[in-house]
A.B. asks: 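Starting off with a structure, shown below.
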Amino acid sequence: MRSARSAESPSALRQIWLMFFAFVLLLSLARFVFRGSSLLAHFAVLAHAILTLYVLARGKRQGTALLSLAFLARLGFLLWDIYASHIFNLPNSGADTWMYYRNAQAIGRDITQLFVPQRGSVYSQVIGVLFYLTGTSSRVLGGYVNVLLGLSVVLLVQRMLRMTGATARVMNRVMLLVSFFPNSLIMSAIFLREIFPTFFVAASLLYFIKWFQKPGSRDMLMCLLMLAIGSMFHSGVIGLALGYFYGFLFYQHKSRRFTFLPRNLFSFVLLSAVIYLAVTVFQDSIFGKFQHLDEFEDIYQTANTRLGGSAYLVNMQINTLWQFVIFSPVKMLYFLGAPMPWNWRGPMDIITFMTDSALYLYVVVSLFRRWRQLGSAKPLARMLAIAMLGAVLIFGVGVSNAGTALRHRQKLLPLFLVLLSVLQYKTKHGAYAFSHAMKN
(Lines give C-alpha, C1' and ligand atoms only; values in the text may rest on other atoms or scores of the structure.)
Protein backbone atom coordinates (compact mmCIF):
# COMPACT_ATOMS: atom_id res chain seq x y z
CA MET A 1 0.00 0.00 0.00
CA ARG A 2 1.20 3.50 -0.73
CA SER A 3 1.68 6.10 1.93
CA ALA A 4 -1.48 7.25 3.70
CA ARG A 5 -0.31 10.84 3.92
CA SER A 6 -2.58 13.74 3.07
CA ALA A 7 -1.63 17.40 3.09
CA GLU A 8 -5.27 18.34 3.35
CA SER A 9 -6.24 16.73 6.66
CA PRO A 10 -6.30 19.89 8.85
CA SER A 11 -8.25 21.94 6.28
CA ALA A 12 -10.40 18.93 5.35
CA LEU A 13 -11.40 18.51 8.98
CA ARG A 14 -12.28 22.17 9.22
CA GLN A 15 -14.32 22.10 6.01
CA ILE A 16 -16.25 19.00 7.03
CA TRP A 17 -17.34 20.50 10.34
CA LEU A 18 -18.13 23.93 8.86
CA MET A 19 -20.38 22.25 6.31
CA PHE A 20 -22.08 20.26 9.07
CA PHE A 21 -22.82 23.39 11.10
CA ALA A 22 -24.14 25.02 7.93
CA PHE A 23 -26.56 22.11 7.48
CA VAL A 24 -27.61 22.43 11.13
CA LEU A 25 -28.37 26.11 10.50
CA LEU A 26 -30.41 25.24 7.40
CA LEU A 27 -32.35 22.61 9.33
CA SER A 28 -32.98 25.14 12.09
CA LEU A 29 -34.51 27.52 9.57
CA ALA A 30 -36.43 24.80 7.75
CA ARG A 31 -38.09 23.55 10.94
CA PHE A 32 -40.55 26.43 10.78
CA VAL A 33 -41.69 25.28 7.34
CA PHE A 34 -41.36 21.50 7.51
CA ARG A 35 -41.93 21.19 11.28
CA GLY A 36 -38.79 19.21 11.89
CA SER A 37 -39.32 16.57 9.24
CA SER A 38 -37.29 13.43 9.89
CA LEU A 39 -37.04 12.95 6.13
CA LEU A 40 -35.38 16.36 5.85
CA ALA A 41 -32.81 15.33 8.48
CA HIS A 42 -32.04 12.18 6.49
CA PHE A 43 -31.58 14.25 3.35
CA ALA A 44 -29.21 16.61 5.18
CA VAL A 45 -27.09 13.67 6.39
CA LEU A 46 -26.98 12.20 2.89
CA ALA A 47 -26.02 15.55 1.32
CA HIS A 48 -23.32 16.18 3.91
CA ALA A 49 -21.96 12.64 3.50
CA ILE A 50 -21.59 13.20 -0.26
CA LEU A 51 -19.80 16.50 0.32
CA THR A 52 -17.55 14.87 2.92
CA LEU A 53 -16.52 12.21 0.42
CA TYR A 54 -15.76 14.96 -2.08
CA VAL A 55 -13.56 16.80 0.44
CA LEU A 56 -11.72 13.60 1.35
CA ALA A 57 -11.22 12.61 -2.28
CA ARG A 58 -9.82 16.03 -3.12
CA GLY A 59 -6.60 15.35 -1.19
CA LYS A 60 -3.48 15.81 -3.27
CA ARG A 61 -1.55 12.89 -1.80
CA GLN A 62 -2.10 9.17 -1.40
CA GLY A 63 -4.41 7.90 1.29
CA THR A 64 -7.63 9.59 0.18
CA ALA A 65 -9.24 6.22 -0.64
CA LEU A 66 -8.40 4.94 2.84
CA LEU A 67 -10.00 7.98 4.47
CA SER A 68 -13.11 7.63 2.33
CA LEU A 69 -13.44 3.96 3.23
CA ALA A 70 -12.99 4.78 6.92
CA PHE A 71 -15.83 7.29 6.68
CA LEU A 72 -18.11 4.96 4.71
CA ALA A 73 -17.47 2.11 7.15
CA ARG A 74 -18.59 4.26 10.07
CA LEU A 75 -21.62 5.49 8.18
CA GLY A 76 -22.49 1.90 7.25
CA PHE A 77 -22.27 0.79 10.88
CA LEU A 78 -24.56 3.66 11.87
CA LEU A 79 -27.21 2.67 9.32
CA TRP A 80 -26.91 -0.98 10.32
CA ASP A 81 -27.39 -0.14 14.00
CA ILE A 82 -30.57 1.78 13.22
CA TYR A 83 -32.16 -0.28 10.48
CA ALA A 84 -30.67 -3.79 10.67
CA SER A 85 -30.10 -4.41 14.38
CA HIS A 86 -32.87 -7.05 14.28
CA ILE A 87 -30.55 -9.14 12.10
CA PHE A 88 -27.47 -8.69 14.25
CA ASN A 89 -27.09 -6.30 17.16
CA LEU A 90 -23.74 -4.51 17.28
CA PRO A 91 -21.74 -5.02 20.50
CA ASN A 92 -22.54 -2.46 23.22
CA SER A 93 -25.66 -1.30 21.36
CA GLY A 94 -28.76 -1.76 23.46
CA ALA A 95 -30.11 -0.42 26.73
CA ASP A 96 -27.50 2.32 27.14
CA THR A 97 -27.87 3.60 23.59
CA TRP A 98 -31.63 3.86 23.97
CA MET A 99 -31.20 5.57 27.35
CA TYR A 100 -28.97 8.24 25.82
CA TYR A 101 -31.33 8.65 22.88
CA ARG A 102 -34.47 9.03 25.02
CA ASN A 103 -32.77 11.64 27.20
CA ALA A 104 -31.66 13.56 24.10
CA GLN A 105 -35.21 13.37 22.73
CA ALA A 106 -36.58 14.79 25.99
CA ILE A 107 -34.25 17.77 25.75
CA GLY A 108 -35.09 18.23 22.07
CA ARG A 109 -38.79 18.49 22.92
CA ASP A 110 -38.30 20.70 25.97
CA ILE A 111 -35.05 22.65 26.31
CA THR A 112 -35.69 23.22 30.02
CA GLN A 113 -34.89 19.52 30.49
CA LEU A 114 -31.30 20.50 29.77
CA PHE A 115 -30.98 21.63 33.38
CA VAL A 116 -32.64 18.59 34.93
CA PRO A 117 -30.18 16.05 36.39
CA GLN A 118 -30.52 12.81 34.48
CA ARG A 119 -28.60 9.85 33.15
CA GLY A 120 -26.77 10.50 29.93
CA SER A 121 -25.19 13.70 31.23
CA VAL A 122 -23.23 15.83 28.78
CA TYR A 123 -23.60 13.54 25.77
CA SER A 124 -27.39 13.52 25.86
CA GLN A 125 -27.35 17.25 26.49
CA VAL A 126 -25.21 17.97 23.43
CA ILE A 127 -27.31 15.82 21.13
CA GLY A 128 -30.47 17.12 22.80
CA VAL A 129 -29.51 20.69 21.94
CA LEU A 130 -28.90 19.56 18.35
CA PHE A 131 -32.39 18.02 18.28
CA TYR A 132 -33.88 21.19 19.72
CA LEU A 133 -32.16 23.46 17.19
CA THR A 134 -33.10 21.34 14.19
CA GLY A 135 -36.59 20.51 15.40
CA THR A 136 -36.09 16.81 14.76
CA SER A 137 -35.06 13.91 16.97
CA SER A 138 -33.81 11.79 14.07
CA ARG A 139 -31.48 9.10 15.41
CA VAL A 140 -29.61 9.23 12.10
CA LEU A 141 -28.78 12.89 12.65
CA GLY A 142 -27.66 12.33 16.25
CA GLY A 143 -25.62 9.27 15.38
CA TYR A 144 -24.05 11.06 12.43
CA VAL A 145 -22.31 13.37 14.89
CA ASN A 146 -20.52 10.30 16.26
CA VAL A 147 -19.58 9.25 12.72
CA LEU A 148 -18.00 12.66 12.06
CA LEU A 149 -16.14 12.54 15.37
CA GLY A 150 -14.83 9.08 14.50
CA LEU A 151 -13.60 10.38 11.15
CA SER A 152 -12.07 13.36 12.92
CA VAL A 153 -10.06 11.02 15.16
CA VAL A 154 -8.68 9.34 12.04
CA LEU A 155 -7.69 12.70 10.54
CA LEU A 156 -6.10 13.92 13.78
CA VAL A 157 -4.04 10.75 14.15
CA GLN A 158 -2.93 11.14 10.54
CA ARG A 159 -1.85 14.70 11.30
CA MET A 160 0.13 13.60 14.36
CA LEU A 161 1.89 10.86 12.41
CA ARG A 162 3.03 13.43 9.87
CA MET A 163 4.18 15.79 12.61
CA THR A 164 6.37 13.12 14.19
CA GLY A 165 7.91 12.13 10.86
CA ALA A 166 6.42 8.65 10.61
CA THR A 167 7.77 6.64 7.71
CA ALA A 168 5.46 5.49 4.90
CA ARG A 169 5.45 1.97 6.30
CA VAL A 170 4.54 3.09 9.82
CA MET A 171 1.97 5.55 8.46
CA ASN A 172 0.22 2.84 6.45
CA ARG A 173 0.03 0.40 9.35
CA VAL A 174 -1.17 2.89 11.95
CA MET A 175 -3.67 4.47 9.56
CA LEU A 176 -5.14 1.06 8.82
CA LEU A 177 -5.52 0.50 12.55
CA VAL A 178 -7.14 3.82 13.35
CA SER A 179 -9.39 3.60 10.28
CA PHE A 180 -10.73 0.09 10.80
CA PHE A 181 -10.08 -0.86 14.41
CA PRO A 182 -13.31 -2.84 15.11
CA ASN A 183 -14.23 -1.36 18.47
CA SER A 184 -13.50 2.17 17.26
CA LEU A 185 -15.74 1.63 14.23
CA ILE A 186 -18.59 0.54 16.46
CA MET A 187 -18.15 3.37 18.96
CA SER A 188 -18.17 5.83 16.06
CA ALA A 189 -21.59 4.60 14.99
CA ILE A 190 -23.76 3.59 17.94
CA PHE A 191 -25.55 6.11 20.17
CA LEU A 192 -23.00 6.20 23.00
CA ARG A 193 -20.77 8.94 24.36
CA GLU A 194 -17.51 6.99 23.94
CA ILE A 195 -16.31 8.68 20.75
CA PHE A 196 -16.63 12.18 22.25
CA PRO A 197 -13.83 11.76 24.83
CA THR A 198 -11.82 9.84 22.22
CA PHE A 199 -11.96 12.86 19.93
CA PHE A 200 -10.92 15.28 22.66
CA VAL A 201 -8.12 12.95 23.75
CA ALA A 202 -6.82 13.05 20.17
CA ALA A 203 -7.19 16.84 20.03
CA SER A 204 -5.35 17.34 23.32
CA LEU A 205 -2.58 15.03 22.13
CA LEU A 206 -2.25 17.00 18.90
CA TYR A 207 -1.72 20.25 20.80
CA PHE A 208 0.72 18.53 23.15
CA ILE A 209 2.84 17.38 20.21
CA LYS A 210 2.68 20.91 18.79
CA TRP A 211 3.99 22.18 22.12
CA PHE A 212 6.69 19.52 22.08
CA GLN A 213 7.81 20.70 18.65
CA LYS A 214 7.73 24.39 19.54
CA PRO A 215 6.97 25.58 23.09
CA GLY A 216 4.13 28.06 23.45
CA SER A 217 1.50 28.88 26.03
CA ARG A 218 -1.29 28.69 23.44
CA ASP A 219 -0.68 25.04 22.61
CA MET A 220 -0.22 24.21 26.27
CA LEU A 221 -3.54 25.77 27.22
CA MET A 222 -5.36 24.26 24.25
CA CYS A 223 -3.99 20.85 25.19
CA LEU A 224 -5.38 21.17 28.72
CA LEU A 225 -8.66 22.67 27.49
CA MET A 226 -9.27 19.77 25.11
CA LEU A 227 -8.50 17.31 27.89
CA ALA A 228 -10.84 19.14 30.28
CA ILE A 229 -13.69 19.01 27.74
CA GLY A 230 -13.02 15.32 27.19
CA SER A 231 -13.18 14.81 30.95
CA MET A 232 -16.68 16.26 30.96
CA PHE A 233 -17.78 13.23 28.95
CA HIS A 234 -15.76 10.80 31.06
CA SER A 235 -13.56 11.80 33.96
CA GLY A 236 -11.10 8.94 33.54
CA VAL A 237 -9.24 10.59 30.67
CA ILE A 238 -8.02 13.30 33.07
CA GLY A 239 -5.25 10.84 33.95
CA LEU A 240 -3.49 11.85 30.73
CA ALA A 241 -2.63 15.12 32.46
CA LEU A 242 0.08 13.29 34.40
CA GLY A 243 2.19 12.96 31.25
CA TYR A 244 1.31 16.42 30.00
CA PHE A 245 2.30 18.07 33.27
CA TYR A 246 5.50 16.07 33.38
CA GLY A 247 6.45 17.48 30.00
CA PHE A 248 5.33 21.04 30.71
CA LEU A 249 7.29 21.17 33.94
CA PHE A 250 10.53 19.38 33.20
CA TYR A 251 11.22 19.14 29.47
CA GLN A 252 13.66 21.71 28.10
CA HIS A 253 13.39 22.20 24.34
CA LYS A 254 16.86 23.66 23.84
CA SER A 255 18.73 20.81 25.48
CA ARG A 256 16.04 18.21 24.67
CA ARG A 257 16.39 16.91 28.18
CA PHE A 258 14.36 16.77 31.36
CA THR A 259 15.85 19.23 33.82
CA PHE A 260 14.79 21.43 36.72
CA LEU A 261 15.13 25.16 36.09
CA PRO A 262 13.75 28.25 37.89
CA ARG A 263 11.19 28.82 35.17
CA ASN A 264 9.65 25.49 36.14
CA LEU A 265 8.25 27.39 39.11
CA PHE A 266 6.11 29.58 36.85
CA SER A 267 4.85 26.55 34.97
CA PHE A 268 4.05 24.84 38.23
CA VAL A 269 2.06 27.86 39.49
CA LEU A 270 0.16 28.06 36.20
CA LEU A 271 -0.68 24.37 36.19
CA SER A 272 -1.59 24.49 39.88
CA ALA A 273 -4.06 27.26 39.08
CA VAL A 274 -5.59 25.15 36.31
CA ILE A 275 -5.91 22.19 38.66
CA TYR A 276 -7.43 24.41 41.34
CA LEU A 277 -10.09 25.71 38.94
CA ALA A 278 -10.80 22.20 37.70
CA VAL A 279 -11.22 20.79 41.20
CA THR A 280 -13.22 23.68 42.67
CA VAL A 281 -15.13 25.64 40.03
CA PHE A 282 -15.69 22.82 37.52
CA GLN A 283 -15.63 19.88 39.88
CA ASP A 284 -19.12 18.63 39.06
CA SER A 285 -18.52 18.65 35.32
CA ILE A 286 -14.93 17.46 35.10
CA PHE A 287 -14.67 15.12 38.06
CA GLY A 288 -18.24 13.89 38.14
CA LYS A 289 -17.17 10.26 38.34
CA PHE A 290 -15.01 10.92 41.39
CA GLN A 291 -17.15 13.31 43.45
CA HIS A 292 -17.68 10.68 46.11
CA LEU A 293 -14.11 9.36 46.20
CA ASP A 294 -13.03 11.56 49.08
CA GLU A 295 -11.20 8.84 50.95
CA PHE A 296 -9.12 5.85 49.94
CA GLU A 297 -11.88 3.62 51.32
CA ASP A 298 -14.18 4.95 48.59
CA ILE A 299 -11.60 4.08 45.95
CA TYR A 300 -11.31 0.60 47.43
CA GLN A 301 -15.08 0.18 47.23
CA THR A 302 -15.05 1.19 43.57
CA ALA A 303 -12.11 -1.11 42.88
CA ASN A 304 -13.92 -4.04 44.49
CA THR A 305 -17.10 -3.64 42.41
CA ARG A 306 -17.83 -6.62 40.14
CA LEU A 307 -20.62 -6.40 37.57
CA GLY A 308 -21.66 -8.58 34.64
CA GLY A 309 -20.76 -12.02 33.35
CA SER A 310 -17.40 -10.82 32.04
CA ALA A 311 -16.18 -9.68 35.47
CA TYR A 312 -12.55 -10.46 36.26
CA LEU A 313 -10.40 -10.66 39.39
CA VAL A 314 -13.54 -11.50 41.35
CA ASN A 315 -11.56 -12.67 44.36
CA MET A 316 -9.25 -9.67 44.58
CA GLN A 317 -10.13 -7.28 47.39
CA ILE A 318 -8.50 -3.88 47.90
CA ASN A 319 -9.12 -2.61 51.42
CA THR A 320 -5.86 -0.90 52.39
CA LEU A 321 -3.39 1.53 50.86
CA TRP A 322 -0.80 -1.23 50.70
CA GLN A 323 -3.17 -3.49 48.77
CA PHE A 324 -3.98 -0.59 46.48
CA VAL A 325 -0.28 -0.14 45.67
CA ILE A 326 0.29 -3.87 45.20
CA PHE A 327 -2.78 -4.75 43.15
CA SER A 328 -3.16 -1.63 40.99
CA PRO A 329 -0.61 -2.86 38.39
CA VAL A 330 -2.53 -6.14 38.14
CA LYS A 331 -5.80 -4.35 37.55
CA MET A 332 -4.14 -2.05 35.01
CA LEU A 333 -2.85 -5.06 33.09
CA TYR A 334 -6.29 -6.68 33.11
CA PHE A 335 -7.88 -3.43 31.96
CA LEU A 336 -5.65 -3.44 28.88
CA GLY A 337 -5.86 -7.17 28.13
CA ALA A 338 -9.32 -8.30 29.20
CA PRO A 339 -10.69 -10.76 28.40
CA MET A 340 -7.51 -12.61 29.30
CA PRO A 341 -7.03 -16.06 27.70
CA TRP A 342 -7.66 -17.87 30.99
CA ASN A 343 -11.01 -16.05 31.29
CA TRP A 344 -12.26 -16.81 27.77
CA ARG A 345 -15.86 -18.02 27.76
CA GLY A 346 -16.24 -18.68 24.05
CA PRO A 347 -15.40 -17.54 20.48
CA MET A 348 -16.45 -13.92 21.06
CA ASP A 349 -13.93 -13.51 23.88
CA ILE A 350 -11.20 -14.94 21.66
CA ILE A 351 -12.12 -12.57 18.82
CA THR A 352 -12.22 -9.62 21.22
CA PHE A 353 -8.78 -10.42 22.55
CA MET A 354 -7.25 -10.88 19.10
CA THR A 355 -8.84 -7.79 17.53
CA ASP A 356 -8.72 -5.39 20.48
CA SER A 357 -6.80 -6.38 23.63
CA ALA A 358 -3.76 -7.58 21.67
CA LEU A 359 -3.04 -4.08 20.34
CA TYR A 360 -2.86 -2.45 23.77
CA LEU A 361 -0.72 -5.23 25.18
CA TYR A 362 1.56 -5.10 22.13
CA VAL A 363 2.18 -1.37 22.64
CA VAL A 364 3.11 -1.93 26.30
CA VAL A 365 5.45 -4.80 25.42
CA SER A 366 7.02 -2.74 22.60
CA LEU A 367 7.62 0.11 25.03
CA PHE A 368 9.88 -2.10 27.14
CA ARG A 369 11.54 -3.90 24.23
CA ARG A 370 12.46 -0.82 22.21
CA TRP A 371 13.11 1.74 24.90
CA ARG A 372 16.90 1.74 24.62
CA GLN A 373 16.80 2.10 20.84
CA LEU A 374 14.60 5.19 20.63
CA GLY A 375 17.36 7.80 20.54
CA SER A 376 15.98 11.34 20.08
CA ALA A 377 12.41 10.02 20.19
CA LYS A 378 12.80 8.93 23.81
CA PRO A 379 11.65 12.20 25.49
CA LEU A 380 8.31 12.21 23.65
CA ALA A 381 7.90 8.48 24.23
CA ARG A 382 8.52 9.01 27.94
CA MET A 383 5.85 11.71 28.24
CA LEU A 384 3.33 9.68 26.26
CA ALA A 385 4.09 6.62 28.39
CA ILE A 386 3.51 8.59 31.59
CA ALA A 387 0.24 9.94 30.17
CA MET A 388 -0.77 6.38 29.35
CA LEU A 389 0.17 5.27 32.88
CA GLY A 390 -1.96 7.99 34.47
CA ALA A 391 -5.08 7.19 32.45
CA VAL A 392 -4.74 3.41 32.69
CA LEU A 393 -4.30 3.69 36.46
CA ILE A 394 -7.59 5.56 36.84
CA PHE A 395 -9.51 3.29 34.49
CA GLY A 396 -7.81 0.13 35.69
CA VAL A 397 -8.68 0.67 39.35
CA GLY A 398 -12.29 1.55 38.58
CA VAL A 399 -13.05 -1.18 36.02
CA SER A 400 -13.45 -4.91 36.72
CA ASN A 401 -15.46 -6.01 33.71
CA ALA A 402 -14.12 -6.95 30.28
CA GLY A 403 -17.03 -5.33 28.45
CA THR A 404 -16.58 -2.07 30.30
CA ALA A 405 -12.82 -2.20 29.76
CA LEU A 406 -13.42 -2.65 26.04
CA ARG A 407 -15.43 0.56 25.92
CA HIS A 408 -13.15 2.64 28.11
CA ARG A 409 -9.76 1.78 26.63
CA GLN A 410 -11.09 2.81 23.21
CA LYS A 411 -10.98 6.38 24.54
CA LEU A 412 -7.19 6.03 24.76
CA LEU A 413 -6.72 4.56 21.28
CA PRO A 414 -5.21 7.75 19.73
CA LEU A 415 -2.56 7.85 22.46
CA PHE A 416 -1.64 4.19 22.00
CA LEU A 417 -1.40 4.52 18.22
CA VAL A 418 0.77 7.65 18.32
CA LEU A 419 2.99 6.04 20.95
CA LEU A 420 3.21 2.94 18.75
CA SER A 421 4.42 5.06 15.83
CA VAL A 422 7.03 6.80 17.98
CA LEU A 423 8.31 3.43 19.18
CA GLN A 424 9.25 2.56 15.61
CA TYR A 425 12.20 4.96 15.77
CA LYS A 426 14.66 2.28 16.77
CA THR A 427 17.39 2.88 14.17
CA LYS A 428 19.78 5.75 13.56
CA HIS A 429 17.91 6.67 10.40
CA GLY A 430 14.59 6.63 12.25
CA ALA A 431 15.97 8.75 15.09
CA TYR A 432 17.29 11.25 12.55
CA ALA A 433 13.91 11.40 10.80
CA PHE A 434 12.16 12.02 14.11
CA SER A 435 14.62 14.72 15.10
CA HIS A 436 14.22 16.40 11.71
CA ALA A 437 10.42 16.30 12.01
CA MET A 438 10.56 17.92 15.46
CA LYS A 439 12.66 20.80 14.07
CA ASN A 440 10.10 21.45 11.37
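Every value quoted in this text rests on a predicted model; they were computed, and no experiment measured them.
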A.B. asks: Mind running side chain to side chain contact (heavy atoms under 4.5 Å, CB included) on Ser204 and Tyr244 for me, showing each step along the way?
C.D. replies: CA-CA 9 Å; Ser204 72; Tyr244 294 161; 2.9 Å; yes

A.B. asks: List for me each residue that meets side chain to side chain donor-acceptor pair (under 3.5 Å) alongside Thr97, sequence neighbours excluded, and say none if there are none.
C.D. replies: none

A.B. asks: Pro215: which residues meet the side-chain contact (heavy atoms from CB on, under 4.5 Å) condition with it, sequence neighbours left out?
C.D. replies: Trp211, His253

A.B. asks: Among all residues two or more places apart in sequence or in another chain, which pass the side chain to side chain donor-acceptor pair (under 3.5 Å) test with Asn89?
C.D. replies: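 For Asn89 there are no side chain to side chain donor-acceptor pair (under 3.5 Å) partners, ignoring immediate neighbours.
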
A.B. asks: Judged by atom type as modelled, is there a donor-acceptor pair below 3.5 Å linking the side chain of Thr164 to the main-chain atoms of Leu161?
C.D. replies: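 Yes, Thr164 side chain to Leu161 backbone: donor-acceptor pair under 3.5 Å.
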
A.B. asks: Can you confirm whether Phe208 sits close enough to Leu224 that some side-chain heavy atom of one is under 4.5 Å from a side-chain heavy atom of the other?
C.D. replies: no

A.B. asks: Is there side-chain contact between Phe181 and Ile186, with at least one heavy-atom pair below 4.5 Å?
C.D. replies: no

A.B. asks: When you look at Leu149 and Thr198, which way does the side chain to side chain contact (heavy atoms under 4.5 Å, CB included) test go after all the steps?
C.D. replies: CA-CA 9 Å; Leu149 287 172; Thr198 305; over 6 Å; no

A.B. asks: Counting heavy atoms not belonging to Tyr132, are there more than 12 under 6.0 Å from its OH?
C.D. replies: no

A.B. asks: Test of understanding: with ring pair (Phe, Tyr, Trp, His ring centres under 6.0 Å), list the residues that count as partners of Phe196, not counting sequence neighbours.
C.D. replies: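 Residues passing ring pair (Phe, Tyr, Trp, His ring centres under 6.0 Å) with Phe196: Tyr123, Phe233.
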
A.B. asks: Quick one: does any side-chain atom of Ser93 pair with a main-chain N or O of Leu90 as donor and acceptor, under 3.5 Å?
C.D. replies: no

A.B. asks: Mark yes or no for whether Asn146, through its side chain, and Arg193, through its backbone, hold a donor-acceptor pair below 3.5 Å.
C.D. replies: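 No, Asn146 side chain to Arg193 backbone: no donor-acceptor pair under 3.5 Å.
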
A.B. asks: Would you say Ser179's side chain and Leu176's backbone share a donor-acceptor pair under 3.5 angstrom?
C.D. replies: no

A.B. asks: If you look only at pairs with a residue in residues 346-357, which of them pass as a salt bridge (Lys or Arg N to Asp or Glu O under 4.0 Å), with sequence neighbours excluded?
C.D. replies: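 Checked against salt bridge (Lys or Arg N to Asp or Glu O under 4.0 Å) - neighbours excluded - the pairs reaching residues 346-357 are Arg345-Asp349, Asp356-Arg409.
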
A.B. asks: Using a 4.5 Å cut-off on heavy atoms from C-beta on, say whether the side chain of Cys223 contacts that of Lys210.
C.D. replies: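 Heavy-atom side-chain distance check fails, nothing below 4.5 Å.
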
A.B. asks: To the nearest 0.5 Å, what is the distance between CD1 (Ile394) and CG (Leu389)?
C.D. replies: 10.0 Å

A.B. asks: Would you indicate whether the side-chain heavy atoms of Leu151 and Thr52 approach each other to under 4.5 Å?
C.D. replies: yes

A.B. asks: In terms of relative ring orientation, are Trp17 and Phe21 parallel, tilted or perpendicular, with 30° and 60° separating the classes?
C.D. replies: tilted

A.B. asks: With sequence neighbours excluded, tell me which residues meet ring pair (Phe, Tyr, Trp, His ring centres under 6.0 Å) with Trp80.
C.D. replies: none

A.B. asks: Where do Leu156 and Ala203 come nearest, in terms of heavy atoms and distance?
C.D. replies: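 Closest approach of Leu156 to Ala203: CD1-N, 3.9 Å.
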
A.B. asks: Starting at CD1 of Ile107, measure out to CD1 of Ile111 and round the result to the nearest 0.5 Å.
C.D. replies: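 It is 7.0 Å, given to the nearest 0.5 Å.
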
A.B. asks: At what distance, to the nearest 0.5 angstrom, does CZ of Phe23 lie from CG of Leu40?
C.D. replies: 10.0 Å

A.B. asks: Evaluate Phe77 against Asp81 for side chain to side chain contact (heavy atoms under 4.5 Å, CB included), listing each step before the verdict.
C.D. replies: CA-CA 6 Å; Phe77 272 69; Asp81 185 51; over 6 Å; no

A.B. asks: Once ring pair (Phe, Tyr, Trp, His ring centres under 6.0 Å) is applied, do any residues pair with Phe131, and if so which ones, sequence neighbours excluded?
C.D. replies: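 Result, ring pair (Phe, Tyr, Trp, His ring centres under 6.0 Å) vs Phe131: none returned.
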
A.B. asks: Does Tyr246 have any ring pair (Phe, Tyr, Trp, His ring centres under 6.0 Å) partners at least two apart in sequence or in another chain, and if so, which?
C.D. replies: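 Tyr246: ring pair (Phe, Tyr, Trp, His ring centres under 6.0 Å) contacts with Phe250, Phe258.
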
A.B. asks: Where is the tightest heavy-atom contact between Ser68 and Leu56, given as atom of each residue plus distance?
C.D. replies: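 Answer, listing the atom of Ser68 first, then Leu56: OG-CB, 3.8 Å.
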
A.B. asks: Side-chain contact, heavy-atom cut-off 4.5 Å: Ser138 with His42?
C.D. replies: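 Result yes, sub-4.5 Å side-chain heavy-atom pair found.
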
A.B. asks: Do Arg139 and Gln105 meet the criterion of a side-chain donor-acceptor pair at a distance under 3.5 Å?
C.D. replies: no

A.B. asks: Are the side chains of Tyr54 and Ile50 in touch, meaning some heavy atoms are under 4.5 Å apart?
C.D. replies: no

A.B. asks: Could you go step by step and tell me if Ser137 and Arg109 meet the side chain to side chain contact (heavy atoms under 4.5 Å, CB included) rule?
C.D. replies: CA-CA 8 Å; Ser137 58; Arg109 290 191 298 265; 5.7 Å; no

A.B. asks: Measuring only between side-chain heavy atoms, which start at C-beta, is Leu384 closer than 4.5 Å to Leu205?
C.D. replies: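 Side-chain contact under 4.5 Å: yes.
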
A.B. asks: May I have all residue pairs that pass salt bridge (Lys or Arg N to Asp or Glu O under 4.0 Å) and include part of residues 410-420, sequence neighbours excluded?
C.D. replies: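 Found Glu194-Lys411.
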
A.B. asks: Sub-3.5 Å donor-acceptor pair from the side chain of Arg74 to the main-chain atoms of Ala70, do we have one?
C.D. replies: yes

A.B. asks: Taking all non-hydrogen atoms of both residues, which atom of Leu27 and which atom of Ala44 are closest, and how far apart?
C.D. replies: CD1-CB, 3.9 Å

A.B. asks: With a 6.0 Å cut-off on the ring centroids, do Phe191 and Tyr100 count as close?
C.D. replies: no

A.B. asks: With rounding to the nearest 0.5 Å, note down the distance linking CZ in Arg382 to CG in Leu419.
C.D. replies: 13.5 Å

A.B. asks: Considering all heavy atoms of both residues, which atom of Val174 and which atom of Ser421 are nearest to each other, and what is their separation?
C.D. replies: CG2-CB, 4.3 Å

A.B. asks: Pair up each side-chain donor or acceptor in residues 332-339 with any protein partner under 3.5 Å, not counting sequence neighbours, and list the distances.
C.D. replies:
unit_1	atom_1	unit_2	atom_2	d
Tyr334	OH	Trp342	NE1	2.8

A.B. asks: So which heavy atom on Gln113 is nearest to which on Ala106, and how close?
C.D. replies: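 Taking Gln113 first and Ala106 second, the nearest heavy atoms are CG-O, 3.8 Å.
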
A.B. asks: Could you tell me which residues satisfy salt bridge (charged side-chain N to carboxylate O under 4.0 Å, His left out) with Asp219, sequence neighbours excluded, listed by chain and number?
C.D. replies: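 None.
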
A.B. asks: Where is the tightest heavy-atom contact between Ile195 and Ser188, given as atom of each residue plus distance?
C.D. replies: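 Shortest heavy-atom contact: CD1-OG, 3.5 Å.
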
A.B. asks: Going by heavy atoms in the side chains, are Leu155 and Gln158 under 4.5 Å from each other?
C.D. replies: yes

A.B. asks: With sequence neighbours left out, which residue pairs that include part of residues 135-164 fulfil the ring pair (Phe, Tyr, Trp, His ring centres under 6.0 Å) condition?
C.D. replies: His48-Tyr144

A.B. asks: Using 0.5 Å steps for rounding, measure from the CZ atom of Phe212 to the CE atom of Met163.
C.D. replies: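 It comes to 10.5 Å.
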
A.B. asks: Treating Ser28 as the side-chain partner and Leu133 as the backbone partner, does any N or O pair qualify as donor plus acceptor under 3.5 Å?
C.D. replies: yes

A.B. asks: Give, for atom CZ of Phe71 and atom CG of Leu66, the distance between the pair rounded to the nearest 0.5 Å.
C.D. replies: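 The CG atom of Leu66 is 14.0 Å from CZ of Phe71, to the nearest 0.5 Å.
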
